[in-house]
Asks: 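Here you go, one structure.
The sequence lines fix the lettering, A, B, ..., with proteins before strands; numbering per chain opens at 1. All heavy atoms count here, side chains included; hydrogens, waters and symmetry mates do not.
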Number of protein chains: 2
Amino acid sequence: MEAMTTASVDAVADQDRKGPGRPRSARADEAIIEAVLELLSAGQSADALSIEAVAATAGVGKATIYRRWPNKEALLIDAVTTMKGPIPEPAGVSVRDDLVTLLAGMRTKRMHRYGKVTACLLPELVKSEEMHKVYQAGVVEPRRDVMRGVLRRGVESGELRADLDVELTLLMLSGPAIVQNMLRWNPAVPDEGFAEHLVDAVLRGARA
Amino acid sequence: MEAMTTASVDAVADQDRKGPGRPRSARADEAIIEAVLELLSAGQSADALSIEAVAATAGVGKATIYRRWPNKEALLIDAVTTMKGPIPEPAGVSVRDDLVTLLAGMRTKRMHRYGKVTACLLPELVKSEEMHKVYQAGVVEPRRDVMRGVLRRGVESGELRADLDVELTLLMLSGPAIVQNMLRWNPAVPDEGFAEHLVDAVLRGARA
DNA sequence: AGGATACGGAACTGTTCCGTATCGTAAGGC
DNA sequence: GCCTTACGATACGGAACAGTTCCGTATCCT
């Protein structure tokens, strides 16, 4: 994908423009967002992230960035909401397998970078209530919704206890996965089979 | 404690100096560390934290800081290791009560600030392997040791399953508490009674 | 072909911060 | 009482960066 040299990749970048002139490069959009995520995952905190560094990493002029986003905050919001990627949809075989699939999906290489980006985003979330809301609504809540659906179906099907505290259980599944993925919190817990072990441990107290 | 105006508070600040001249002010040490924690908990990321801001917040000249620490990193390490405070010691009544006590201790007002400071420290931990080790060894591991002791005693006493995965259980207890305290991850989970509910849910699958 | 717009790159200005130096003053040891 | 050191404050040169403007070139539409 990187080696493409044909020009036709660059095309209608933003909204379908109709005016004359050279259209914006979709490649530039991509490179800029990619550069932001790259710098964040390397440990650059959000407020220490400089537009100059983004431009240099993306191989792009600063003007090209400012032509698209009015300021750093807008760029950050775009980058973050882009990062989330597609929302996974579990197969619906069994509660156990669905949860394992969802949790294992949090530990891919791509999600490991996602975790580091999130870690470097936290100061911004602490500082700005607006960013916190954007992040919750745009990234966290949609994914939590999927897992919540799995648990709800488990309760209805009788696979899980009827009086299960669904919200707390969500936290018990995602909390350990997050701190382990993001902060390498407990080095004594191996990555191998982590999702299975965690799900089985949680379900041991959640089954009907 | 703040209202003290007597001069005798200033005293042997650092190691017992013997040379002549004015001794260093212990008050200044305290104010500087306090200022660092204050700025971090306000959402200043570690690398965006400026010595000038620390000096201004502490009401101290920059030179007074540079006289004590050679650079920002050393100051940060001192501030972080100071922040941890005393290590709690559970009463040893029952596993359940001990765990509730430990987890509830993670949700005091003081620990809430601690959580915000930690969040703003994360980019630094991602960037610097050394800082990560210092933080793990100086802050996380001692506290995890306490909780590990509680679980181990529970296994020995037969209160918990003999084949319990202690390390994973530690993660299941601290993970949810951390993300909730630090990131307000799931607003649908109430703070009230959080520790009790979490411990009971985990123990449901951990009891013998 | 011609006009319009985007491109990467470079220059420029004003701001912030670092780390050091230097004030006049304060506080303790000899 | 003198010497030494720390104090808060301020100033400094240098570096990094934000945000803007211009250049010459590239690319697409009509």
Asks: Counting heavy atoms from C-beta on, name the nucleotide in dC18(C), dT21(D), dA6(D) closest to the side chain of Arg67(B).
Replies: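 It is dA6(D).
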Asks: Given that Ala63(B) and Lys72(B) both sit by DNA chain C, which one's nearest nucleotide is further toward the 5' end?
Replies: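 With Ala63(B) and Lys72(B) compared, the 5'-side residue is Lys72(B).
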Asks: Nearest nucleotide by nearest heavy atom, which residue falls closer to the 5' end of DNA chain C, Lys62(B) or Ala55(A)?
Replies: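 Comparing both residues, the 5'-ward one is Ala55(A).
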Asks: Could you state the atom-to-atom distance from CG of Leu75(A) to C1' of dG19(D) in whole Å?
Replies: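 From Leu75(A) CG to dG19(D) C1': 14 Å.
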Asks: When the distance from CD1 of Ile51(B) to P of dG8(D) is rounded to whole Å, what number comes out?
Replies: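 Those two atoms, CD1 and P, are 15 Å apart.
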Asks: Does the pair Asn181(A) and His112(A) meet the rule for a side-chain hydrogen bond (donor to acceptor under 3.5 Å, both in side chains), with working shown?
Replies: CA-CA 6 Å; Asn181(A) 189 28; His112(A) 188 61; 3.2 Å; yes
Asks: Roughly, in whole Å, what's the span from CH2 in Trp69(B) to P in dT20(C)?
Replies: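 In whole Å, dT20(C) P lies 16 Å from Trp69(B) CH2.
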Asks: Have a look at Ile65(A) and say if it touches a base, only the backbone sugar-phosphate, or nothing, with a 4.0 Å heavy-atom cut-off.
Replies: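 Touches nothing.
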Asks: When you measure from the side chain of Ser50(A), which nucleotide among dC7(D), dC17(D), dA6(C) comes out closest?
Replies: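 Of dC7(D), dC17(D), dA6(C), dC17(D) is nearest to the side chain of Ser50(A).
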Asks: Tell me yes or no: between the side chains of Asn186(B) and Gln180(B), is some donor less than 3.5 Å from an acceptor?
Replies: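 No donor-acceptor contact under 3.5 Å links the two side chains.
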Asks: Surrounding CD of Glu129(A) (heavy atoms of other residues, nucleotides or ligands, distance under 6.0 Å), is the total greater than 12?
Replies: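 Buried by this count: over 12 neighbours within 6.0 Å.
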Asks: Could you state the atom-to-atom distance from CZ of Arg24(B) to C1' of dG8(D) in whole Å?
Replies: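 In whole Å, dG8(D) C1' and Arg24(B) CZ are 15 Å from each other.
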Asks: Between Pro70(A) and Gly61(B), which has a closest nucleotide on DNA chain D that is more 5'?
Replies: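 Mapping each residue to its closest nucleotide by heavy atoms, the 5'-most match is Gly61(B).
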Asks: Roughly, in whole Å, what's the span from CD1 in Ile32(B) to C1' in dG8(D)?
Replies: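 Going from Ile32(B) (CD1) to dG8(D) (C1'), I get 12 Å.
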Asks: Could you tell me how far apart Asp47(B) (CG) and dC17(C) (C1') are, to the nearest whole angstrom?
Replies: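 After rounding, the gap between these two atoms is 13 Å.
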Asks: Want to settle it: does Gly59(B) or Asn71(A) sit nearer the 5' end of DNA chain D, counting the closest nucleotide to each?
Replies: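 Nearer the 5' end of the strand: Gly59(B).
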Asks: Of the nucleotides dC7(C), dC18(C), dA26(C), which one has an atom closest to the side chain of Tyr66(B)?
Replies: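 Of the candidates, dC18(C) comes closest.
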Asks: Between the base of dA27(C) and the side chain of Arg22(B), is one N or O donor paired with an acceptor at under 3.5 angstrom?
Replies: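 Per atom types, no contact qualifies.
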Asks: Roughly how far, to the nearest 0.5 Å, is CG of Asp98(B) from CG of Leu151(B)?
Replies: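 The CG atom of Asp98(B) is 10.0 Å from CG of Leu151(B), to the nearest 0.5 Å.
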Asks: Take atom CG of Leu49(A) and atom C1' of dA16(D), then tell me their distance rounded to the nearest Å.
Replies: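 Rounded to whole Å, this separation is 14 Å.
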Asks: What I want to check is whether the side chains of Thr118(A) and Tyr135(A) have a donor and an acceptor closer together than 3.5 Å.
Replies: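 Their side chains do contain a donor-acceptor pair, which is all the 3.5 Å distance test asks for.
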Asks: What nucleotide, of dC18(C), dG8(C), dG8(D), holds the atom closest to the side chain of Thr64(A)?
Replies: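 Nearest listed nucleotide: dG8(C).
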Asks: Which whole-number value in Å describes the distance from Asp29(B) CG to dA6(D) P?
Replies: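 To the nearest whole Å, that distance equals 12 Å.
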